[in-house]
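In what follows, a structure is listed as structure tokens, so that the remarks can point back to it.
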Amino acid sequence: MSKRLLLIDGNSIMFRAFFAMHQQMDRFVNHDGLHTAAVYGFKLMLDSVLKTYKPDAALVAFDAGKKTFRTAMYDDYKGGRDKTPSELSEQFPYVRQLLAASGIQTYELPNYEADDIIGTIASQADAAGYTTTIVTGDRDLTQLVTEQTTVAVTKRGVTNTEEYTPAYMLEKLGVTPTQYIDVKALMGDSSDNYPGVTKIGEKTAVNLIREYGSLDAMYEQIDQMKPSKRKENLQNEEKIARQCQTLATIKRDAPITIGLADLAYTGADEGALVELYRELDFQSFLKQLNPTTITAETPTTAYTELTAANLADVANMTGSIVFHLELLQANYHEADLVGFVIGQPDHWYVSADVSLLQTPALKTLLANPDVKKDVFNAKAQIVALNRLGVTITPIAFDLLLASYLLDTNENSDDLALVAQAHDYQGVVSDEIIYGKGAKLAIPETPATWMTHLANKAAAIHALRQPLFDELQANDQVALYTDIERPLSRVLAEMEMTGIRIEATTLTTMQAELTTRLAELETAIYEDAGEEFNINSPKQLGVILFEKLKLPVIKKTKTGYSTAVGVLEKLRPEAPIVDKILQYRQVAKIQSTYVAGLLKVIRDDHKIHTRYLQTLTQTGRLSSVEPNLQNIPTRFEEGRKIRQAFVPSEPDWVIFSSDYSQVELRILAHVSGDQNMQSDFKSGEDIHASTARRIFHLLPGEEVTPNMRRQAKAVNFGIVYGISDYGLAQNINVTPKQAKEFIQNYFDEFPGVYHYTKDIVKIAREQGYVETLTHRRRYLPDIHAKNFNLRSFAERTAMNTPIQGSAADLIKIAMIKMGQALQAHGLQARMLLQIHDELVFEAPASEVPELRRVVAEVMDSAMQLDVPLKVESKVGPTWYDLKPIED
DNA sequence: CCACTCACG
DNA sequence: ACGTACGTGAGTGGT
């Protein structure tokens with residue numbers, strides 16, 4: 001097999017990488033303020049091509065400077081270009097370091113461009129029988145394509161490429177690689193700033209070269225060309241065309257002083273890479289490297305191994321301590337316990353024996369109200385310790401929670417990444433210590449992970465004060481102290497309590513659904529005339545749109561869309577469509593809910609979800625393993641799943657209360673809109689009163705169901721950050737009509753109009769938006785040049801304060817709920833939170849009082865300029881809930 | 001590991 | 001001109 005050579009156009013890829021990452025440039029700055037986005041992008045590209053082409057030899061060519069033989073023959077060559085931004089030029093030395101450490105040669109040659117070096121080497125490589133790939137961002141290099149040399153041109157970012165072979169060139173550009181030079185000669189190149197022939201663009205140039213075969217051949221026969229303005233131009237500007245041809249031609253014989261023999265690629269120097277990644281703060285690349293390379297240089301915090309003998313040293317600690325129980329997996333309900341660290345600065349104690357936590361000495365210390373605990377992820381610690389029968393309280397500082405409040409993006413459950421984000425380097429990622437996937441394990445040498453734990457404890461302590469200071473500066477102390485920190489304990493309680501599931505209900509459903517799926521499957525195969533995988537959108541697309549020739553309504557990036565909306569439109573066309581819709585619905589219920597929930601029922605016959613408190617960008621919770629916030633309710637078929645959710649005690653009931661139209665009420669409050677506020681105060685159905693206003697109905701006139709539906713959609717649209725395009729799509733009207741709806745809406749609710757304008761302005765000025773409790777979301781894309789990114793940020797600016805303040809509201813209610821239930825001596829337990837709804841289980845006898853207490857707590861959680869409305873329901877299962885009448 | 005689809009608020 | 005409604009998680013197929 002022939003040897004493989006990789007040639008990279010260094011300058012071109014650097015430019016591509018820099019501009020591809022330009023939107024997020026702020027994120028790529030190292031601890032010294034050095035920009036690193038281009039080096040980062042270059043590295044991504046490099047990994048990708050090394051993996052794809054597995055070269056035996058490699059070279060990255062750079063331009064030597066601005067002056068080349070081309071500028072000597074044509075003054076304006078590459079003239080008019082903006083100066084390279086300093087944010088990019090400062091990165092060139094580092095990309096060279098990266099390449100040196102990666103074991104890849106670099107080369108540059110005075111008076112020549114990188115292209116010429118590449119062209120020359122590629123020629124030599126062709127002669128020597130190599131298979132060559134050239135990677136560039138510049139399509140001009142496709143003139144170098146041969147049977148042996150492929151040119152990969154980056155598109156959309158830096159890791160996607162389009163590979164030009166001779167056949168692909170003909171197909172795509174209509175000319176051969178050599179002809180491509182002549183095309184360029186005629187059409188010119190605006191970025192390299194040479195003109196070509198007047199009035200000749202790409203289309204004409206390609207046609208001419210295809211017709212005559214080459215520039216030379218064309219000029220030989222130009223006399224036979226029939227008279228035209230174009231002919232005149234070609235004749236008058238022959239000299240220019242010839243000159244452009246020279247400019248466009250990449251040299252194949254540059255006087256280079258290296259040869260193929262110098263380019264052998266044998267792999268990277270990992271030590272040098274580690275050093276460079278550290279310098280550039282490339283955490284993700286660091287992680288990919290062999291852990292042993294890294295651990296040798298990791299910081300080490302001194303610690304003492306904790307045993308029964310020195311327990312007293314810890315037990316006597318006063319004031320504040322750091323505690324961390326190390327879990328091997330994310331699911332703390334069942335994760336393996338690795339060990340723990342406890343102590344104070346310079347006095348860290350580590351042990352693998354978690355049963356020490358159950359000794360009176362430590363158990364008392366951890367529950368001692370006078371000794372404050374600093375931790376990482378309080379909720380995880382509370383739940384995991386509870387498995388040992390140990391209580392931890394009071395928690396003062398939670399590094400994860402504080403970090404998330406300061407910036408919702410700094411929320412990794414890996415302590416090292418969070419510490420990094422706050423410029424603390426003294427701890428490495430869990431992945432480096434424990435590995436991941438199938439290789440996840442506790443290291444054989446205990447000192448490895450014990451040092452890691454000591455490092456973690458030191459990090460928690462070191463970041464405590466700075467993060468508190470930042471919370472203070474952001475006016476977020478109350479959010480932290482009064483909401484999120486106490487909430488973590490409330491959530492821990494809910495998760496530990498769990499919700500009872502009647503497994504037999506699910507297994508009965510499973511059998512029925514299996515039969516139905518089989519029937520549908522048979523019927524679908526019959527209609528299709530063959531068997532295929534109905535679950536595969538790809539195979540389904542072939543059946544529907546190629547075999548059955550149904551009209552294509554919408555396409556996805558990869559093929560035909562078969563989403564519900566599309567199938568619904570196709571339903572009248574063929575009976576198979578309805579069957580597929582039914583199949584999809586049943587299959588979803590079967591796999592995600594019936595089988596999915598059966599899988600996670602534990603020995604106590606309950607399901608214990610985990611709420612992620614530091615994940616969403618808005619302040620909402622999310623729920624995982626399983627997600628109990630998306631149990632079906634909209635359609636009867638799926639809704640039946642809720643029959644399996646039952647009380648855990650005899651004579652108890654499921655009780656649920658939800659906030660009615662909470663987001664619109666918050667909008668009425670934050671916007672101060674008088675009309676909207678008075679609509680809520682009147683107590684009328686809000687979508688109906690909105691319809692009244694935007695359709696200008698007279699007092700006696702009735703709101704039709706369609707008006708209400710459209711008004712409701714507009715209300716939703718406003719909450720989501722309205723756009724005519726989005727609204728039009730949603731309610732199936734033209735963008736023009738949608739625009740009118742929105743205009744009418746804003747005329748009727750001028751306060752809302754001003755809110756949308758103001759909040760976007762605020763986002764632009766301060767870079768973030770806030771909820772009522774000063775929860776923050778940064779929106780860097782608000783300044784993006786890209787329309788899509790910027791529009792998205794603007795909609796987010798409108799939506800986040802609303803969705804986020806609603807999240808604030810229910811969180812406050814949840815904290816007060818625990819206290820209220822206790823104060824009233826109720827046995828009722830809060831089980832679930834579903835964004836605007838709280839689900840409880842309670843003795844049936846408590847329901848009347850519970851209803852009053854819950855409604856009172858939820859109603860008064862926050863004082864808004866509009867009333868809040870709470871609706872309560874009760875029943876024997878989550879399915880059978882019935883409204884409670886006054 | 002990503003794309004698609006679909007469940008919820 | 002650009003071309004999306006906001007926020008989530010899980011299962012499946014396909015590379």
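Bear in mind the structure is a predicted one, so any value in this text is a computation, not a measurement. Within every chain, numbering begins at 1; the chains are lettered A, B, ... in the order of the sequence lines, protein sequences first and strands thereafter.
Across the P atoms, dC2(C) and dA7(B) are found 33 Å apart, a figure rounded to whole Å. dA1(C) sits 33 Å from dC6(B) when the C1' atoms are compared, rounded to a whole Å. Taking atom P on both dC4(B) and dA5(C), the two are 13 Å apart, rounded to the nearest angstrom.
Taken residue by residue, residues 734-746 of chain A places no heavy atom nearer than 4.0 Å to DNA chain B.
Extent of DNA chain C lying under 4.0 Å from chain A heavy atoms, first and last nucleotide in 5' to 3' order, is dC2(C) to dT15(C).
Counting only heavy atoms from C-beta outward, the side chains of K379(A) and N377(A) approach each other to under 4.5 Å. Under the 4.5 Å side-chain criterion, counting only non-hydrogen atoms from C-beta, T800(A) is not in contact with Y768(A).
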Pairing string of DNA chain C (Watson-Crick or G-U wobble, both atom distances under 3.5 Å; | = paired to other strand) is .....|||||||||.

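Within the 4.0 angstrom heavy-atom criterion, no nucleotide atom of any strand lies near A793(A). Heavy atoms of G721(A) sit nowhere under 4.0 angstrom from any nucleic acid atom. Residue-level contact check: L615(A) touches the backbone only, with heavy atoms under 4.0 Å from sugar-phosphate atoms and none from bases. Among the protein residues, V719(A) comes within range of no part of the nucleic acid, since none of its heavy atoms lies under 4.0 Å from any strand.
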Report, one line per pair, each donor and acceptor closer than 3.5 Å where one atom sits in a side chain of residues 711-729 of chain A; sequence neighbours left out.
from	atom 1	to	atom 2	distance (Å)
N715(A)	ND2	H687(A)	ND1	3.1
N715(A)	ND2	T690(A)	OG1	3.1
S723(A)	OG	G726(A)	N	3.0

Only distances under 3.5 Å count here; give the side-chain donor-acceptor pairs of residues 579-586 of chain A to other protein atoms, sequence neighbours excluded, each with its distance to 0.1 Å.
from	atom 1	to	atom 2	distance (Å)
K579(A)	NZ	D527(A)	OD2	2.7
Q582(A)	OE1	R516(A)	NH2	3.1
Q582(A)	NE2	D578(A)	OD2	2.9
R584(A)	NH1	T562(A)	O	2.8
R584(A)	NH2	T562(A)	O	3.4
R584(A)	NH2	T562(A)	OG1	2.7

**OP:** Run the numbers on Y404(A) and Q613(A) for side chain to side chain donor-acceptor pair (under 3.5 Å), then give the verdict.
**Re:** CA-CA 9 Å; Y404(A) 166 72; Q613(A) 196 185 350; over 6 Å; no

* **Criterion side-chain contact (heavy atoms from CB on, under 4.5 Å) on T616(A) and T408(A), from CA distance to verdict** => CA-CA 7 Å; T616(A) 69; T408(A) 48; over 6 Å; no

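The OG1 atom of T633(A) sits 12.5 Å away from atom NZ of K640(A), with the distance rounded to the nearest 0.5 Å.
Comparing E625(A) and T618(A) against DNA chain C, the residue whose closest nucleotide sits nearer the 5' end is T618(A).
Open room surrounds NZ on K761(A); 12 or fewer heavy atoms of other groups in view lie less than 6.0 Å from it. Taking a 6.0 Å sphere around CG of N706(A), one finds it holds more than 12 heavy atoms contributed by other residues, nucleotides or ligands. Applying the 6.0 Å contact sphere to NZ of K606(A) captures more than 12 heavy atoms from other residues, nucleotides or ligands.
The aromatic rings of F282(A) and Y40(A) sit perpendicular, their planes meeting at an angle over 60°, well past the 30° parallel limit.
Within the cation-pi definition used here (under 6.0 Å to the ring centroid, within 45° of the axis), R500(A) does not qualify as a partner of F645(A).
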B/S/- along nucleotides 4-9 of chain B (protein heavy atoms under 4.0 Å) is SSBBBB

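Donor-acceptor pairing under 3.5 Å is lacking for the side chains of S622(A) and Q629(A).
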